[in-house]
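Worksheet: one structure, shown below.
Numbers here simply count residues along the sequence, with the first being 1. Just so you know, ligand 1 is whichever comes first in the structure, and atom 1 is the first atom listed for that ligand. Note that these values count all heavy atoms, side chains included, but never hydrogens, waters or copies made by symmetry.
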Amino acid sequence: MIRLEHVTKVYKTSPRPALEDVSVSVDKGEFVFLIGPSGSGKSTFLRLLLREDVPTKGEIHVADWDLTKLPRRRVPRLRQRIGCVFQDFRLLVNKTVAENVAFALEVIGKPRHTIRKVVPEVLQLVGLDGKAERMPNELSGGEQQRVAIARAFVNRPLLLLADEPTGNLDPDTSQDIMLLLERINRTGTTVLMATHDHSIVDSMRRRVVELQFGKVTRDDSRGVYGVGR
Ligand code: ADP
Ligand code: ADP
């Protein structure tokens, strides 16, 4: 599903590579934590997968796309197949829960009857079936993140990218969000999650790819956050 081959990314404004000779493969259906200290290259990694930027060297493949050769006009199609979830939820504040989810389908031209059918289904999947008509500011942080996950998932993406999705949530709520991401992963969606959250990584025992100064320093199939602790 994801293949980086000897990927190096050097930003013009900074001499040190943000990523250096990174090679990582992720199979369809895997759940992978991307960890590492601030500045280690996690966001750059995610941005390259979305073709928000191109590598300085190396190749990146996502599903059947070769991102280094993908023409600009085909980038929207790639992004349609990748769901994204962020630390700060990024909901549309003047739309209801259902409208936030529906909007993700409207912008890609799904017919209204499809939207009517699938929005309630996905809200049920994330445990928000009673809250369809609420506004985001009437919801708890955990509920807002569920809306964001519903919106990211409603189009059945091949890949779900989550950038610190539990960063603004308390530990119990974070665990609930992880159960939801696991459930989405079990539907066959590949999940890649960048995180600093030690307890979540340690409790899930999934694959851990660690970056330090832009290099992969560890790739464990059933990893924990810190080694030797
Ligand atoms: P992380 O997400 O792990 O905090 P980043 O990918 O944001 O790491 O950053 C990796 C390195 O690249 C850092 O040294 C950061 O300062 C640098 N960097 C990130 N984005 C840019 C940019 N747009 N321009 C210049 N340097 C950047
Ligand atoms: P419209 O009148 O054009 O349907 P709305 O503002 O009522 O506009 O809704 C915008 C979108 O959100 C529509 O596609 C609608 O199907 C969807 N939507 C609104 N409320 C719900 C709901 N409770 N359940 C499912 N979809 C909803």
Using heavy atoms and a strict 4.0 Å limit, residues surrounding ligand 1 turn out to be Y11, T13, R16, A18, P37, S38, G39, S40, G41, K42, S43, T44
May I ask whether V22 and M1 are part of the same hydrophobic cluster, defined by side-chain heavy atoms of I, L, V, M, F, W, Y residues being less than 4.5 angstrom apart, directly or through others?
-> yes
Out of curiosity, does I35 fall in the hydrophobic cluster containing L161 (side-chain heavy atoms, cut-off under 4.5 Å, transitive links)?
-> no
Would you list the pairs meeting ring pair (Phe, Tyr, Trp, His ring centres under 6.0 Å) in which at least one residue belongs to residues 3-39, sequence neighbours left out?
-> F31-F33
Quick one: does D163's side chain have a donor or acceptor within less than 3.5 Å of a partner on A194's backbone?
-> no
Common cluster, M193/I2, ILVMFWY with side-chain heavy-atom separation under 4.5 Å = no
Do D197 and S199 have a side chain donor and acceptor closer than 3.5 Å?
-> yes
